[in-house]
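Small disclaimer: the values here were computed from a predicted structure and weren't measured. Counting starts at 1 for both ligands and their atoms, following the listed order.
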Amino acid sequence: MGDDAIQRRLDNLRREIDRANYEYFVLDQPSLTDAEYDALMRELRDLEVAHPELASPESPTQRVGATPQAGFAEIQHPLPMLSLSNVYNEEELRAWAQRASRFAGGSDLTFVAEPKIDGLAVALTYVDGVFDHGATRGDGFRGDDITQNLRTIRSIPLRLVAVSGAPLPRVLEVRGEVYMRKPDFELLNARIAESGGKLFMNPRNAAAGSLRQKDTRITASRPLRLFVYGLGYTEGGEAPSSHWEALEFLRSVGFAPSPDAKRCGSVEEVWAECERWQARRDTLDFEADGVVVKVDDVRLQEEIGYVAREPRWATAYKFPPTQATSVIKDITINVSRTGALNPLAMLEPVNIGGVVVQRAALFNEDEIARKDIRVRDTVVVERRGDVIPYVVKVIEERRDSSQVPFAMLATCPACGTPTHRAEGEAMRYCPNVACPAQLREKVHHFVSRNAMDIVGLGEKLADRFVDLGLIHDVADLYRLDWDEIAALERLGEQSAANLRASVEASKNRPLARLINALGIRHVGERTASLLSDRFGSLDALMKAPVEEVNAVGGIGRVLAESVVDFFQEPRNQEVIAKLKQAGVRTADDRSSGGNGFSHLSGKTFVLTGRLASLTRPQAEERLRQAGATVSGSVSKKTSFLVAGEEAGSKADRARDLKVPIIDEAEMLRMLNGADATASEEIGSTDGAAAEVVLP
Ligand code: IVH
C-alpha cells in the first residue's frame with residue numbers, strides 16, 4: 001500500500017469503529033458482531049504500530065492510557081454546575097410552575113420532562129469538534145479532571161459529527177450523567193462476588209467507583225455509559241433557542257441524550273409524564289430517581305433566573321423513597337441449582353414504594369461479616385427495580401443484647417454434606433452432585449416455560465418426584481414409570497396421561513431451549529440462542545474449545561469458560577447421554593426444511609438502515625428462522641444487503657462488491673416463501689439495477 005492508501009484505510013477503519021461504537025452504545029442497534037468489531041480493532045492497531053507517524057489521539061485505539069495517573073488535577077467549570085430544587089407531589093409541581101410563569105411575566109410556558117438519571121454528573125469540553133477534557137461536578141465550581149477515564153467510555157464520541165449546514169461551535173461544553181445499566185451492574189457484581197471482591201451497593205455507586213479510578217484500564221473494563229442532558233459553555237456558533245433543540249442538536253452530533261424526553265404544553269401534561277415515569281421506573285434498565293422538568297424556551301429561562309445555585313426554571317420531581325427499615329427475623333440459606341449457598345434475610349414485612357418486601361439478599365458470608373448483619377437486627381432495606389431487595393446497613397443504635405454474630409453453615413442445610421469454599425472465592429458450595437436441594441432447583445428450571453416447557457409439571461409436583469426418589473437427574477423425567485405416577489396420591493390417571501403427553505412433546509423443543517434448560521452457569525435464553533445459532537447441535541457445542549465459544553459475538557470469556565466447564569463435567573455428560581437415549585432432540589435440523597421455514601438456508605443477509613415494519617432484532621430472528629445467516633458487515637460472501645431508510649456506508653460497499661441490494665418489501669417476500677435465487681439474479685446483473693430499489 002502507498003502512503004495515501006494507508007492513510008485512507010486508517011481513516012476508514014477509525015470511522016467504521018466509531019460508527020460501530022455509536023450504533024452499539026448510543027442507538028442500541030449493533031450492526032457488527034463482537035468478532036467483527038475485534039477484527040477491525042486488530043487491523044487498526046496493527047496498522048498504527050507499523051506506521052507510528054500516522055497515529056492520532058482521536059483514534060479509537062487511544063481510549064485506554066497505559067500508566068496509572070498520580071491523582072486528579074482540578075478543572076474550573078466555565079459556568080457553574082448547578083443543582084436542582086425538588087418537588088414531591090403534584091401540588092408542589094404546580095406551585096413551581098406558577099412561580100416560573102410569574103417570573104416570565106405571566107407567559108404560558110412549554111416544558112420538557114426527562115428522566116433524572118441516577119449516576120455521576122460530568123462536563124465534557126470539545127474544541128473544534130474534538131474531545132478536549134472532562135470533569136466531575138465537584139463542588140459545582142471546580143471538579144476533578146477525569147479526561148483519561150472519560151475517554152474509555154465508548155458512548156462518548158472522541159470527535160463530533162458536524163451536521164450539514166450548522167457549523168459546530170468552536171468550544172462546546174456538554175453536560176450529562178455517567179451511569180451503569182442495571183443488568184451490567186448485576187453482571188459486574190456477580191463477577192466481583194465470584195472473585196471474592198467487595199460488592200458495589202448500587203449502579204450509581206458502581207459508576208462513581210469506576211469513574212474515579214486512578215488506573216484507566218480498570219475504568220475501561222467497566223460497563224459505563226453516558227446520557228447527556230444539556231449544553232454548558234459554548235463559544236462561536238449559534239446557541240439553540242430551546243432546550244428541546246439543544247437535545248436534538250446533541251443527538252445529531254453523536255451523543256445519547258436523556259431517553260424519551262417529552263415536550264409538554266401544560267403542567268397537567270408534565271404531571272402525567274411524572275406519573276408515567278414513576279410507573280415505568282422498575283422496568284427501566286437504568287436507575288432513575290425522578291423526573292427533571294425544564295422550561296423549554298432559553299430566553300424565558302434567562303428571564304425566570306436563578307436562586308442561589310438552583311435555576312428557578314427547572315426542578316426535579318423526586319420519586320418516593322426506595323428504602324425503609326425493618327427487622328431481620330431469621331437468616332436462611334438457599335441452595336441454588338449450582339450448589340451455591342445463598343444467605344437470605346427473612347424480614348418483618350415492610351412496604352417500600354408500594355411493594356411489600358419480606359426477604360433480602362445477603363449475597364455471601366463476607367458481605368454479612370462486613371456489614372455485621374445479625375438476626376434480630378434493625379436494618380435499612382433498599383428495593384430498586386428488578387434488583388432483589390438488599391440490606392444497606394444495620395442500625396446499631398437499635399441493638400440490644402439479643403443479637404449474636406452470624407456464622408455460616410458448615411454443612412449443607414439440605415443434605416448435610418460438609419460445605420466447601422474455594423480459596424479466593426466468596427461463595428460457599430455444597431459439593432454433593434446428588435444434593436436434593438440442587439436437584440429440585442435444576443428440575444424447576446428444566447421444566448420451566450422458557451426452557452423445556454413441560455406443562456403440568458409445577459414446582460410442587462417436581463419436588464414430590466425428587467423427594468420420592470423417582471428422579472435423580474433431569475433426564476429421569478423421560479424415564480418415569482407412568483403406572484407408578486398414575487398411582488400417586490392426588491394425581492390420577494387423567495393428569496398422569498396429560499403429563500406424559502407434555503413430557504413427550506418436550507422432546508422436540510428447539511436446541512436453544514434445551515441449552516437454556518441445562519442450567520449452565522451464566523447461560524440464559526439469549527446466550528442459549530446465540531450458542532444454538534452458532535453450533536447447531538449439542539454434539540458440536542460439547543466439542544468446542546473455549547476460544548471457539550468465546551469467538552461467538554456477545555459471549556465473553558467468563559461465559560465461554562463456564563460453558564466448556566459444564567460440558568467437561570462427567571456427570572453432565574452422563575445426563576446428556578441419557579437425554580439423547582430417551583429421544584430428546586439435541587440438534588436443530590436446518591437443511592431438511594423440517595420446520596418448514598428453512599428455505600433461505602445457505603444465504604447470508606446483512607441489514608442496514610431503519611426498517612419500517614420490523615425492528616432490527618425481529619428481522620434478524622425471522623431471517624434466522626428461515627435458515628439464513630445474518631452478518632454484520634458486507635463481504636463477497638453476502639447474498640443480499642437489505643437496505644432500510646438512511647442506509648449508510650454498507651450500501652456503498654455492497655455496490656462495490658456487486659452484492660444485490662434489496663428493500664424491506666423484497667425481504668418480506670423472501671421470508672414469506674418466495675425463492676431467493678430469482679431475485680438474486682435480478683440484483684446481481686449490475687449495480688445500477690440494484691440501486692433502483694434503494695430509498
Ligand atoms: S439538569 C440546571 N437533567 O441531577 C439543571 N440534571 O440535582 C442542571 N441529573 O447534577 C441539571 N438527570 O447530575 C439535569 N435529565 C437531567 C438529569 C440531571 C440527572 C442530575 C445532574 C445534576 C443533578 C441535579
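- In summary, the atoms of ligand 1 found under 4.0 Å from a heavy atom of Arg137, numbered by their order in the structure, are 10 (O).
- Contact annotation: for Leu84 versus ligand 1, heavy atoms closer than 4.0 Å belong to both the backbone and the side chain.
- Aromatic ring pairs are classed by plane angle as parallel below 30°, tilted from 30° to 60° and perpendicular above 60°; the pair Phe286 and Tyr179 is perpendicular.
- The protein non-hydrogen atom at the shortest distance from atom 3 (N) of ligand 1 is Lys294 NZ, 3.1 Å.
- Arg94 and Glu91 are not joined by a salt bridge, as no carboxylate oxygen comes within less than 4.0 angstrom of a charged side-chain nitrogen.
- With respect to atom 21 (C) of ligand 1, the closest heavy atom belonging to the protein is Tyr229 OH, 3.1 Å.
- Remark: the backbone N or O of Gly134 is paired with a side-chain donor or acceptor of Thr147 at under 3.5 angstrom.
- Among protein heavy atoms, the minimum distance from atom 15 (N) of ligand 1 is reached at Glu114 OE2, 2.8 Å.
- More than 12 heavy atoms of other shown residues, nucleotides or ligands fall within 6.0 angstrom of atom CZ in Phe72.
- In summary, the atoms of ligand 1 found under 4.0 Å from a heavy atom of Ala121, numbered by their order in the structure, are 10 (O), 13 (O).
- Annotation: atom 20 (C) of ligand 1 to nearest protein heavy atom, Glu177 OE1, 3.5 Å.
- Note on Lys371 versus Asp377: no salt bridge recorded, every NZ/NE/NH1/NH2 to OD/OE distance being 4.0 Å or above.
- Contact annotation: Pro115 has at least one heavy atom less than 4.0 Å from an atom of ligand 1.
- Of all the heavy atoms of Ser258, the ones lying under 4.0 Å from any atom of ligand 1 belong exclusively to the side chain.
- Among protein heavy atoms, the minimum distance from atom 23 (C) of ligand 1 is reached at Lys116 NZ, 4.0 Å.
- Here the heavy atom of the protein found nearest to atom 12 (N) of ligand 1 is Ile117 N, 3.1 Å.
- At least one donor-acceptor pair closer than 3.5 Å links the side chain of Arg383 to the backbone N or O of Ile352.
- Side-chain atoms of Tyr317 and Gln278 form a donor-acceptor pair, as typed in the model, at a separation below 3.5 Å.
- Of the heavy atoms in Arg175, none comes closer than 4.0 Å to ligand 1.
- The shortest separation from a heavy atom of Pro311 to ligand 1 is under 4.0 Å, placing the residue in contact.
- The closest approach between any non-hydrogen atom of Glu310 and ligand 1 is not below 4.0 Å.
- Panel note: side chain Thr136, backbone Asp144; a donor-acceptor pair is recorded below 3.5 Å.
- The closest donor-acceptor contact from the side chain of Asp18 to the backbone of Pro157 lies at 3.5 Å or more, if one exists at all.
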